[in-house]
Amino acid sequence: MMTNFEHRFCEARRRLIRARFQNLNDRQIEAVLATEGPLLILAGAGSGKTTVLINRIANLLRFGRASDCTELPAGADEAMLHLLETGGPEAEELAALEPVAPWRILAITFTNKAADELKARLERMLGESANDIWACTFHSACVRILRRDADKLGYGENFTIYDTADSQSLIKRILKEQELDEKSFPPRTVMGEISRAKDARMDAAAYRQQAQRANDFRRIRIGRVYEEYTRRLFTANAMDFDDLIANTVTLLEKEEDVRRYWQRRFQYVLVDEYQDTNHLQYLLASTLAGGWGNICVVGDDDQSIYKFRGATIENILSFEQQYSKCRTIRLEQNYRSTGHILDAANAVIRNNLGRKGKELWTDAGAGDPIELYFADDEKDEAQYVASTIIASFSQGANWQDHAVLYRMNAQSSQLEFAFKRAGIPYRVIGGTRFFDRSEVKDLLAYLNVIASPADDLRLSRIVNSPPRGIGERSMEIAQDLARQEGCSLFSVMSRADRYAELKRPAAKMKLFTQMMEELRAFAENNSPDALYDELLEKTGYLRMLESSEDDKDQARAENVKELKSSILSFMKESGDSTLEGYLANVALYTDLDNYDRDADSVVMMTMHSAKGLEFPTVFVVGMEESIFPGLRAIGEPEEMEEERRLCYVALTRAKRRLYLVCARQRMLFGRTTANRASRFVDEIPEEHIRKNLPKGYAYHDRREELGFYSRDRRDEPNYPYRPSQPKPRVAPAPRPQPAPSAMPQFSLGDAVRHKAFGDGVITKMTPMGNDFLVEIQFEKPGVKKLMLRAAAQHMEKR
DNA sequence: CGCACCACAATTTTT
DNA sequence: TTGTGGTGCG
């Protein structure tokens with residue numbers, strides 16, 4: 001039982017601490033002050049969650065656990081209480097209860113960018129001491145942990161990290177060796193399967209056993225690939241991205257003293273974007289927090305858009321069950337967008353079933369309604385976006401206030417043309433990334449092999465680029481020999497003349513290994529940037545590109561030079577001038593980290609990449625069925641929910657103006673298709689939308705006449721997609737009316753009998769000129785595409 | 001072994 | 001439309 005004195009003391013202390021966070025709202029303060037035990041913060045888009053994280057850390061560093069416990073400091077007396085209550089300058093000292101050392105805090109994010117931003121904001125708020133806080137990504141935290149103790153798992157100290165492309169080429173090679181067809185075993189799928197197995201803590205042997213028990217032919221094959229993959233990685237002293245986390249978890253499980261060490265160290269663990277974690281990451285976070293039990297996760301189930309890469313929304317949905325004493329705080333006040341935008345986003349996401357439930361609100365006023373534009377095609381769409389941006393710019397906005405979001409990278413090209421024509425400065429984020437370009441990968445592979453010659457995979461990548469006359473066949477033989485002897489490919493090649501099988505390529509191989517040895521020796525005494533110059537010189541790589549006629553090769557040469565500045569800037573920023581240091585860093589680095597918001601240009605990116613960002617004006621283009629939501633999601637309720645969350649993310653990026661654009665027909669992958677407007681547009685109540693029509697475009701006549709809407713299948717009894725509120729706000733979409741007078745009476749879904757093809761059903765109607773392209777699913781010959789006007793002559797309704 | 005040409009397919013992405 | 005991978009020829 002608390003004494004009166006204790007009670008007053010705690011109250012005064014809490015009041016004082018609260019006052020330090022005046023600029024936050026009540027919910028946010030609550031989250032900042034709740035330092036002890038498990039805490040789930042459900043932070044809606046734009047609700048200031050990073051601010052909460054920063055302030056929470058500030059609270060810990062300043063006041064320790066004082067705001068969330070009833071312990072009194074030693075020697076607490078009336079005099080102290082008086083000081084606290086009057087709030088003198090010493091009061092702050094008295095309010096603190098064992099301030100937390102910065103290095104006892106672990107804040108985990110997903111991207112380097114988020115981690116850097118966190119670090120920067122912490123430093124701004126807390127000064128120098130912020131540098132000792134572990135604010136890093138899951139992967140970099142694991143690397144730091146593994147660098148100390150990876151030897152306990154049998155890895156060498158300087159293990160290398162394979163990125164996705166490395167893993168993929170290894171998988172491909174193994175598939176080929178095991179004579180598995182890439183058509184029936186697509187590398188991506190196999191990788192995904194292996195990744196999921198790792199996520200489920202299943203090693204290759206366990207996976208294969210399970211497959212064998214189930215007598216699953218396919219999984220047995222994949223299990224064999226998994227086994228070989230694991231073996232190869234291990235002998236190359238390499239880990240892939242999943243291994244970084246899986247091995248850390250294994251290390252913590254197996255080695256009690258290692259676990260104790262880290263558990264004791266990390267008094268407070270915070271995880272950002274918790275909705276994007278997978279099972280492994282959950283295990284890691286909960287293990288690390290297992291000592292003190294102070295785990296705080298922040299996330300938004302409505303913004304979970306990475307299921308396809310293994311994130312389980314379950315983690316956030318079941319956090320409260322995992323931690324029974326958990327407290328949950330919802331942050332629903334939005335500081336980013338105006339009312340119409342938020343209401344639209346709320347209305348869309350309400351149609352999802354699997355969610356915790358949250359409604360964003362703002363006191364910023366309704367703002368402008370959302371603009372909806374129906375474009376003729378993707379050119380018109382791009383033109384509309386460009387001219388709207390020009391108009392906005394001429395009214396004083398900056399280019400960088402505008403972002404264009406799309407579902408697929410392939411959608412950016414028309415926009416780029418339009419922007420170039422209009423003279424709008426722009427940047428495209430994403431697409432093929434710098435570090436994924438083949439020339440960059442080649443040179444990094446050289447550096448990796450110099451650092452660790454046992455890296456067979458990267459060795460075979462570079463052995464013949466530039467061409468050295470060492471072909472695939474020779475490398476296969478060498479690889480076999482290496483496997484027989486249990487040594488590295490490099491060592492076989494360096495002794496090639498001793499093998500009868502390698503007689504022909506032996507000289508070339510030796511020449512190559514000698515060159516690599518020389519580079520290795522050079523690396524001993526020189527910095528990475530000097531080594532890089534030497535590398536370009538000795539291999540002739542740059543010369544090969546520069547002497548090429550092809551423009552693309554010239555661009556590649558630029559990238560090769562660009563890589564050097566990456567090396568230099570790493571050395572400058574980290575103060576580390578070892579090759580190993582650079583390689584470890586670069587493996588976990590992407591260009592997104594380069595995105596600087598200061599450059600004044602319009603930004604284009606996918607909706608996925610936009611997560612976490614905000615812009616005064618946002619355009620979401622391609623709002624059409626089978627583009628967004630994508631074709632693959634239609635008819636798949638779970639996928640559809642993910643698409644809807646993506647839509648929610650896209651809409652909530654906008655601060656003041658939001659434009660949705662759909663095109664009546666569009667060319668994609670060299671094919672023209674017409675799709676009805678996205679269902680997500682329908683899900684936005686009409687009062688939030690202003691419709692914009694192209695010149696001379698009679699909205700309701702032509703939209704129906706052209707079959708812009710197909711039948712709304714949501715009313716069908718067996719349709720899997722069920723909105724939680726059955727309320728199509730837009731009038732139920734009409735069936736396409738067989739247009740002008742002469743057009744025969746057929747519409748979508750009709751059962752027909754064709755003289756030549758027999759019975760069928762019309763599955764798609766695409767307006768084309770004053771005719772329709774129809775797709776008919778026939779019973780016998782399958783799907784046929786016909787022009788309706790002509791086909792109608794031979795066809796009748798059944 | 002290296003290069004040129006043709007067929008084919010094609011979300012989303014971080015580490 | 002673009003990029004990639006396989007095949008065939010010199």
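Below, read A as the first sequence line, B as the second, and so on, with proteins coming before strands; counting in each chain starts at 1. None of these values were measured; they are calculated from a predicted model.
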Q: Kindly label the base of B:dT11 as syn or anti, based on whether its glycosidic torsion lies within 90° of 0.
A: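 Syn for B:dT11; the angle stays within 90° of 0.
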Q: Any side-chain N or O of A:S474 under 4.0 Å from OP1/OP2 of B:dC1?
A: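 For B:dC1, OP1 or OP2 has a side-chain N or O of A:S474 closer than 4.0 Å.
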Q: Please pick, from B:dT12, B:dT11, B:dC3, the nucleotide with the shortest atom-to-atom distance to any side-chain atom of A:E639.
A: B:dT11
Q: If you compare every side-chain N and O of A:R433 against the phosphate oxygens of B:dT13 (OP1, OP2), does one of them come in below 4.0 Å?
A: no
Q: For A:E642, report the nucleic acid contact type (base, sugar-phosphate, nothing); a contact means any heavy atom under 4.0 Å.
A: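 It contacts nothing in the nucleic acid.
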Q: For A:N409 and B:dA10, is the shortest distance between a side-chain N/O and OP1 or OP2 below 4.0 Å?
A: no
Q: Please determine if A:D272 and A:K49 form a salt bridge, counting it only when a charged side-chain N lies under 4.0 Å from a carboxylate O.
A: yes
Q: Do A:S566 and A:Y582 pair up side chain to side chain, a donor and an acceptor below 3.5 Å, judged on atom types alone?
A: yes
Q: A:K508 near the nucleic acid: base, sugar-phosphate alone, or nothing, with a heavy-atom cut-off under 4.0 Å?
A: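 No contact.
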Q: In this structure, how many angstroms lie between the C1' atom of B:dT13 and the CG atom of A:L588, rounded?
A: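 Rounded to the whole Å, the gap is 15 Å.
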Q: Before you tell me yes or no, could you show the steps for A:E273 and A:K611 under salt bridge (charged side-chain N to carboxylate O under 4.0 Å, His left out), namely the whole-Å CA-CA distance, both residues' side-chain angles and the distance that decides it to 0.1 Å?
A: CA-CA 10 Å; A:E273 305 281 17; A:K611 200 175 73 162; 3.6 Å; yes
Q: For A:E416 and A:Y426, does a side-chain donor sit closer than 3.5 Å to a side-chain acceptor?
A: yes
Q: Could you tell me whether the phosphate oxygens of B:dT14, OP1 or OP2, come under 4.0 Å of any side-chain nitrogen or oxygen in A:T164?
A: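 No.
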Q: Go through B:dT15, C:dG5, B:dT13 for me and flag the one nearest to the A:H139 side chain.
A: B:dT15
Q: From CD of A:Q411 over to P of C:dT1, roughly how many Å is that when rounded to an integer?
A: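 Distance, rounded to whole Å: 17 Å.
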Q: With respect to the side chain of A:F308, which nucleotide from B:dC1, B:dT12, B:dT11 is positioned closest?
A: B:dT12
Q: Can you tell me the distance, in whole Å, between the CD1 atom of A:I627 and the P atom of B:dA10?
A: 16 Å
Q: What's A:N464 touching, base or sugar-phosphate or nothing? Going by heavy atoms closer than 4.0 Å.
A: sugar-phosphate
Q: A:F241 side chain: which of B:dT15, B:dC3, B:dT11 is closest?
A: B:dT15
Q: Would A:F669 pass as stacked on C:dT2, i.e. its ring centre under 5.5 Å from the base's six-membered ring centre and planes under 30° apart?
A: no
Q: Hey, which sits more toward the 5' end of DNA chain B by its nearest nucleotide, A:A587 or A:G471?
A: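 Looking at DNA chain B, the more 5' nearest nucleotide goes with A:G471.
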Q: Select base, sugar-phosphate, or nothing to describe what A:S413 touches, counting heavy atoms under 4.0 Å on all strands.
A: nothing
Q: Between A:I470 and A:K183, which residue's closest nucleotide on DNA chain B lies nearer the 5′ terminus?
A: A:I470
Q: Rounded off to whole Å, could you give me the CG-to-P distance for the A:N112 and B:dT13 pair?
A: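 Spelled out: CG on A:N112 to P on B:dT13 is 17 Å.
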Q: Atom NE2 of A:H608 and atom P of B:dT14: how far apart are they, to the nearest Å?
A: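 After rounding, the gap between these two atoms is 10 Å.
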Q: I need the CG-P distance between A:L668 and B:dT11, as an integer number of Å.
A: 10 Å
Q: Would you please test A:R632 and A:S626 for side-chain hydrogen bond (donor to acceptor under 3.5 Å, both in side chains) and show each step?
A: CA-CA 8 Å; A:R632 286 176 168 76; A:S626 44; over 6 Å; no
Q: Report the nucleotide, chosen from B:dT14, B:dT11, B:dT13, that has the shortest atom-to-atom distance to any side-chain atom of A:M408.
A: B:dT11
Q: Within the structure shown, what part of the strands sits under 4.0 Å from A:G630 by heavy-atom distance: base, sugar-phosphate, or nothing?
A: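 Result for A:G630 = nothing.
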Q: When you measure from the side-chain N and O atoms of A:K307 to the phosphate of B:dT12, is any distance below 4.0 Å, counting only OP1 and OP2?
A: no
Q: Taking the minimum atom-to-atom distance to the side chain of A:R407, which one of B:dT11, B:dT13, B:dT15 wins?
A: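 Of the options given, the side chain of A:R407 lies nearest B:dT11.
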Q: So that I can tick it off, tell me whether A:R196 and A:D199 are bridged by a salt bridge, with the cut-off set at under 4.0 angstrom between side-chain N and carboxylate O.
A: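 The answer is no: the pair does not qualify as a salt bridge.
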Q: What distance separates A:E624 CD from A:Q665 CD, expressed to the nearest 0.5 Å?
A: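 So the CD of A:E624 and the CD of A:Q665 are separated by 10.5 Å.
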Q: From CD of A:E273 over to P of B:dT15, roughly how many Å is that when rounded to an integer?
A: 12 Å
Q: Under 4.0 Å, counting only non-hydrogen atoms across every strand here, what does A:R188 touch: a base, just sugar-phosphate, or nothing?
A: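 The residue A:R188 makes base contact.
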Q: Is any side-chain nitrogen or oxygen of A:S609 closer than 4.0 Å to OP1 or OP2 of B:dT13?
A: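 So the side-chain polar atoms of A:S609 do come within 4.0 Å of the phosphate oxygens OP1 or OP2 of B:dT13, strictly under.
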Q: Rounding to a whole Å, what distance do you find between A:E182:CD and C:dT4:P?
A: 14 Å
Q: Choose from C:dG6, B:dT14, B:dT12 the nucleotide whose nearest atom is closest to any side-chain atom of A:K176.
A: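 The closest nucleotide is C:dG6.
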